[in-house]
Amino acid sequence: MLPLAAYADRLSVRPGQTIHFHVASATGADTHIELVRVISADANPNGPGIVLAPLSVAPDTIRQPSAQAVPYGSYAVVPALPPTLGGHSTTIACRVLPTAFGRERTLLHHHDGESGWSLGFDEHGALIACVNGLRLRTQQALKAGVWAFVWLRIDVDGPQASIGHRALHLGLPDDRPGARQDRASSAIDAPAPIAPGTPMHIGCGIPERHDHFSGRVEQPTLFAGALGDIALNALANGESAVLEQAIAHWDLAREPGSSRIVDVGPHGCHGRLVNSPTRAVTGSRWSGREMRWRDAPADYAAIHFHDDDLSDCQWPACYAWQVPEGTRSAVYALRLRSGAHEENVPFFVVPPKGKATAPIAVLASTFTYTVYGNNVRPEWDRDPTWQQGWRDQSAAWGAYPANPGDHREYGLSTYDLHTDGSGIGIASWHRPMLNVRIGYITYPDEPLRASGLRHFPADTHLIAWLDKHGHEVDIISDQELHDEGVSLLSRYRVLMTGSHPEYHTRPMIDAITQFRDRGGRLIYLGGNGFYWKIALDPERDGIIEIRRAEGGIRAWAAEPGEYYHQFDGEYGGLWRRNGRPPQQLAGVGFTAQGNFLGSYYRRCAAADDPRAAWIFAGVDDEIIGRHGLSGHGAAGFELDRADPALGTPEHALVLARSENHPPEAPWILVPEEMLTHLLTVPRVPARELIHADMTFFETAGGGAVFSTGSITFCGSLVTNGFDNDCSRILDNVVRRFADAAPFEPPSR
């Protein structure tokens with residue numbers, strides 16, 4: 001773990017509200033803190049550098065930071081079981097699909113420290129149990145990725161304990177050759193009663209021991225009595241009559257959007273989930289006939305636990321800042337120093353609720369930052385030269401020194417995989433996010449000229465540009481946009497995005513669309529924007545779900561039958577697959593991706609159209625953006641193009657189009673554009689779709705949209721001391737868009 005690490009309980013805060021900072025320090029030294037306004041978070045000495053403005057106020061100290069553990073691993077806690085179990089015969093059974101072994105893992109656990117039982121797996125996958133100190137183990141292991149029925153029987157009349165497992169196929173015992181089953185039994189001492197109020201865990205034993213189970217659990221059930229083999233076989237066959245005898249039976253299909261597990265037995269021993277395991281996943285009975293969990297709950301009666309899930313570090317709050325009334329809406333950060341170690345936690349102060357303090361709103365893509373939080377680049381693990389290059393460049397620039405690849409204990413991003421190989425689909429900001437930091441570098445650059453920034457640090461290129469040109473803006477975040485919708489945006493004349501506004505909820509997409517259609521002006525300065533649909537945890541702020549359904553550039557693919565969110569029940573995946581292509585909103589949408597290299601735009605004939613010629617005032621060259629701190633060019637990495645078939649308005653003008661993209665970036669079309677290896681959806685050669693379109697169009701409500709269609713565009717605003725063609729173009733757009741004079745679409 002890092003000697004000094006921190007996170008905030010929120011990423012945006014209003015004047016009058018309080019933001020808390022949770023800190024872990026094992027330095028043994030005093031911690032010094034400072035609040036700063038962030039103007040530039042780019043450590044590149046060839047650009048503006050890191051530019052911070054210290055504040056004259058400081059947060060209140062609640063407690064001094066101390067060493068803290070990270071409580072990773074998901075599980076369920078049932079606070080208490082029925083008292084009829086204490087000291088009596090008991091049978092425990094469930095259906096389980098293990099996805100990882102390699103070390104001992106606990107599946108079910110009820111122990112007060114002196115007496116009790118547990119059921120789990122050894123490092124090879126054999127079923128093991130511990131009953132009052134006696135250990136049982138089957139000879140044959142379960143198979144990873146295969147459903148099985150497992151049970152533990154404690155017979156006080158023997159006294160004897162027995163365990164067993166049997167493979168399942170489509171929810172029934174698997175009698176095919178090679179299907180695995182085994183059992184073991186042993187005499188035991190008469191079990192002592194378990195202390196009343198002792199909690200039961202599903203998915204781990206003792207959380208601090210990190211013996212968490214990775215895999216799916218379905219239908220955990222307790223019986224007061226030692227079930228015979230006939231009853232156990234009936235239970236394995238899914239006969240409901242046996243369940244009527246249960247004193248506790250958790251139906252994990254119920255309330256999948258919540259952190260509660262529901263006991264449908266007579267005592268209502270409900271439990272709660274820790275660290276947000278994945279719900280609404282296919283269970284042992286899923287046949288493929290239904291794809292939506294709401295239509296067949298019994299097919300989705302499972303929870304997928306992971307030994308590395310993390311939704312909240314649960315560290316104590318050490319500092320709190322009640323933002324004073326009148327505080328400027330801007331980007332801020334808490335800087336911490338303890339001994340030789342430093343840390344920073346960026347956040348956003350947004351305007352007072354119901355007010356705007358500037359005519360322009362800049363949307364901070366906090367949901368996208370969270371979804372990418374602690375992303376480990378693939379090169380980190382497979383290319384030692386790349387990794388060393390990152391370390392060398394970070395040290396040479398005095399950049400942020402920690403990389404998520406070295407600190408996976410803080411949880412990874414939804415672009416990474418769990419330890420069992422399944423995709424990470426739930427992200428949280430209640431943990432240190434090392435790539436959301438002042439000075440963090442994503443991509444080392446061999447000549448040490450380009451910054452290699454993404455997301456938060458990259459978006460401060462725009463913040464620095466706005467500051468340099470004196471444009472007054474309010475910062476709003478994804479959270480306020482989701483919560484307040486178009487009522488928030490209606491107070492502004494202009495809405496600007498950063499370099500990569502990729503992840504959005506339905507209320508966010510609806511709000512931006514309504515804002516535009518009512519006369520608002522949208523400036524979209526990124527690429528790969530408005531792409532993935534997400535859902536938010538209905539119980540807790542800061543927890544986000546993504547289902548990477550069919551289509552899209554994906555680091556992993558959702559399993560068949562698991563395309564619907566657990567949090568809201570809606571179909572996930574691309575907004576394009578949900579009938580809302582980005583072209584409908586911004587005029588352009590994701591078309592191609594390459595390495596982090598940029599090229600330039602070439603002006604098109606439409607740039608001379610009187611409707612848009614003002615955009616190029618002071619820019620005479622045909623080539624635009626052959627420079628930049630992001631990939632050395634204004635058009636690169638992820639590109640968006642116009643497409644009338646996907647919703648680009650007929651009257652939209654493509655002002656400039658990128659070209660000559662570096663061949664060392666192996667450009668690919670997004671999968672949703674490909675029909676075959678030769679044929680694309682527009683039925684043109686693939687190479688013709690690899691470009692960014694700088695686009696402009698007016699809306700019927702007097703508004704307008706300007707889009708650059710490139711992630712690297714903002715990195716070109718700051719070159720040559722902010723004096724360049726991209727800077728002049730954007731300044732022209734911002735000043736005209738902020739003017740009250742309405743835009744008029746061309747007459748038909």
Side-chain H-bond candidate by donor/acceptor type, [X] with [Y], under 3.5 Å:
{"X": "E502", "Y": "W532", "value": "yes"}
{"X": "S284", "Y": "R95", "value": "yes"}
{"X": "D420", "Y": "S214", "value": "no"}
{"X": "H482", "Y": "T505", "value": "yes"}
{"X": "T106", "Y": "D211", "value": "yes"}
{"X": "S66", "Y": "Q68", "value": "yes"}
{"X": "Q219", "Y": "R285", "value": "yes"}
{"X": "H306", "Y": "H304", "value": "yes"}
{"X": "S115", "Y": "N132", "value": "no"}

Are R548 and Y415 in a cation-pi setup, meaning NZ or CZ lies under 6.0 angstrom from the ring centre and within 45 degrees of the ring axis?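 Flagged: R548 positioned over aromatic ring of Y415.
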
Within 45° cone of W429 ring axis and under 6.0 Å: R10 NZ or CZ: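 Here R10 fails the 6.0 Å and 45° test against W429.
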
Residue [X] excluded, over 12 heavy atoms near [atom1] under 6.0 Å:
{"X": "L675", "atom1": "CG", "answer": "yes"}
{"X": "D295", "atom1": "CG", "answer": "yes"}
{"X": "E114", "atom1": "CD", "answer": "no"}

Tell me whether [X] is salt-bridged to [Y], with the criterion being a basic N under 4.0 Å from an acidic carboxylate O.
{"X": "D263", "Y": "R254", "result": "no"}
{"X": "R166", "Y": "D175", "result": "yes"}
{"X": "D308", "Y": "R431", "result": "no"}
{"X": "R506", "Y": "E570", "result": "yes"}
{"X": "K143", "Y": "D174", "result": "no"}
{"X": "E539", "Y": "R260", "result": "no"}
{"X": "E545", "Y": "R547", "result": "yes"}
{"X": "D299", "Y": "R292", "result": "no"}
{"X": "E562", "Y": "R216", "result": "yes"}

Sole candidate of P277, P297, C94, P220 that passes side chain to side chain contact (heavy atoms under 4.5 Å, CB included) when paired with L252: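 Looking at P277, P297, C94, P220, the match for L252 under the side chain to side chain contact (heavy atoms under 4.5 Å, CB included) is P220.
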
For a 4.5 angstrom cut-off between non-hydrogen side-chain atoms, does Y563 reach E550?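 Yes; the side chains approach each other to less than 4.5 Å.
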
So, do R576 and E672 sit near enough that their side-chain heavy atoms are less than 4.5 Å apart?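 R576 reaches E672 side chain to side chain.
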
Between [X] and [Y] (judged by ring centroids, cut-off 6.0 Å), do the two rings come close enough to count as a pair?
{"X": "Y72", "Y": "H210", "answer": "yes"}
{"X": "F213", "Y": "F305", "answer": "no"}
{"X": "F149", "Y": "H165", "answer": "no"}
{"X": "Y503", "Y": "F367", "answer": "no"}

Partner residues of W575 under the ring pair (Phe, Tyr, Trp, His ring centres under 6.0 Å) criterion, sequence neighbours left out: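 With sequence neighbours excluded, W575 shows a ring pair (Phe, Tyr, Trp, His ring centres under 6.0 Å) to no residue whatsoever.
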
